[in-house]
> 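Have a look at this one.
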Amino acid sequence: MATIAPSPSAGTCGSLSHEGRAEPCVVVIFGATGDLTHRKLIPALYHLAASGRLPNTTALVGFARRPLDDAKFHADVLQTARQSAPRSSRAESTAAFADTRYVASTFEDPAGYETLGRVCAELDARHGTGGNRLYYLSVTPSEYTTIVERLEAAGLISKEAADGTGRGWTRVIIEKPFGHDLASARELNHALGAVLREEQIFRIDHYLGKETVQNILAFRFGNRIFESLWSRDHIDAIQFTVAETLGVEGRGPFYESTGALRDMVANHMLQTLALVTMEPPVSLDADAIRDEKVKVLRAIPPLSPNDVARRTVRGQYGPGSIDGTPVPGYGQEERVDPRSTTETFVALQLAIENWRWAGVPIYLRHGKRLADRQARLAIQFKRMPRLLFGRNGDGLQPNVLTLRIQPDDGISLRFNSKVPGREMEVQPVEMDFGFSSLGKPVAEAYERLLLEAMGGQATLFIRRDEVEAAWAIVDSIRRGWDAMPPPQFPNYAAGSDGPRAAYDLIARRRFAWTPLVPATPRGSPA
Ligand code: BG6
């Protein structure tokens, strides 16, 4: 495999972000004692603060039910941060935030919001945070509406903030799922829209914070050779796999009501696909990019019941082994119904009905407990006529461009080369570029996204109409599934490469999934 070295003269030509220009503010985390806060938010905020990328006046307020006080919350933050901080930032990490405060309250109780208001006012007075607030709702989605309504009732958020009233800005970050289907997403959007302007709502999708996902824009619109081939005239099929070796990791009840389609396809996968297939935006502004994303999402027609039967596959893992360690099936996971019909695997064939993509099949595949962890897009180009090389041109494989989102982030291109010797024999070879060759650390997605929100940059967040366009697609699949007899689960073994039906689906048009691990046996029910 040939490797491509970076050219020494890097140029910056436009920016997707205000990175490095976060404004002083008070960050309030609702659900401050929860899992996401410990795994992602505290480590990300702490690392940003300790490495000097946040203003040193940044204050942190935790808001949760658990009866902690300021000192205990501070100790908890320190412990979480120390466990996750890179060695280099540990020394100075005790003083990363200007202040750490805690409000113990339910999310319903107005008194908790009054206390929060007092605490934030004190922090403004002490640290000059100027009324700027970033509210992070790290809670179950059913609590979003209550929290924003209580915040508004207490005068802590307003649509007017940041428009010259001198009271500072207020922004709210929410985590997926943004509703459960189109109807509930509309309801949620309506409730948020009643108290916030769309520019104040930051719907986080951590895939958009991944460097390799952002690189899709640079790659597509910074390279003439690829962009000029980027259409149905030259591309035969697109496939996108997000495979995980992890199972549901103690999140049984959440997963039971969500499933693979809603958990990954409705957001991460459709968002990434939109970046790969959208038209060139007129600028790198948030709305210019999001306008193009929503257009392409709307060009994906909802699936009819017949399409669902022919173009979708769902799966659920049975017992098996991952890296040689036996693991239980989904039905045996903690707090999961042993007869559950929730899917842990999904494979789809979608279409994009526009001038650029009409007729090009788009294959998506995602599953838990598969043979390998990887997120990869493979763009398969049309074949050359098989006239010149080898016996009937047998050795002539189509060109494939692979965008590796994780791990081993990078891009590779498969093309055909002559094999040295007297015969005109050709064989496929690969050119490879690894992100690591740029010699810069790759920022963690949450760090990047938090900085963007603090700088008021919404490009990497999902807009209301994008959420609704994605649900229209996903709902049509769910409706089709609900109308069918329940599937025979489990239908793939943990540690395999998924159900056989997923292979049949893609083989119908004579394509094949990129193997997860070369020469992995196909999954069969355990
Ligand atoms: C989350 C899903 O949004 O993304 C999880 O809820 C999934 O089920 C995770 O495991 C995958 O993220 P990543 O960054 O590890 O690919």
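Both counts, for ligands and for their atoms, begin at 1 and track the order of listing. Position 1 is the first residue of the sequence, and the numbers go up from there.
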> Partners of Glu175 by side chain to side chain donor-acceptor pair (under 3.5 Å), sequence neighbours excluded?
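Counting only residues at least two positions away or on another chain, Glu175 forms a side chain to side chain donor-acceptor pair (under 3.5 Å) with Tyr136, Tyr446.
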> Using heavy atoms and a cut-off under 4.0 Å, could you grab the residues that are in contact with ligand 1, chain by chain, numbers ascending?
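Residues within 4.0 Å of ligand 1: Lys176, His206, Tyr207, Lys210, Glu244, Arg251, Asp263, Met264, His268, Lys368, Arg373, Gln406.
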> Please report the interatomic distance CZ(Arg298) to CD(Glu466), rounded to the nearest 0.5 Å.
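Result: 9.5 Å between the selected atoms.
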> Taking the cut-offs as 6.0 angstrom to the six-membered ring centre and 45 degrees off its axis, would you call Lys176 and Phe178 a cation-pi pair?
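Negative - Lys176 is either too far from the ring of Phe178 or too far off its axis.
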> Once side-chain hydrogen bond (donor to acceptor under 3.5 Å, both in side chains) is applied, what residue pairs with a partner in residues 316-329 remain, sequence neighbours excluded?
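Sorted pair list: Tyr317-Glu333.
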> My understanding is that only residues two or more places apart in sequence, or in another chain, count here; which of them pass ring pair (Phe, Tyr, Trp, His ring centres under 6.0 Å) with Phe489?
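Phe489: no ring pair (Phe, Tyr, Trp, His ring centres under 6.0 Å) contacts found.
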> Establish, from distance only, whether the side-chain atoms of Asp263 and His268 form a donor-acceptor pair under 3.5 Å.
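No, no side-chain donor-acceptor contact under 3.5 Å.
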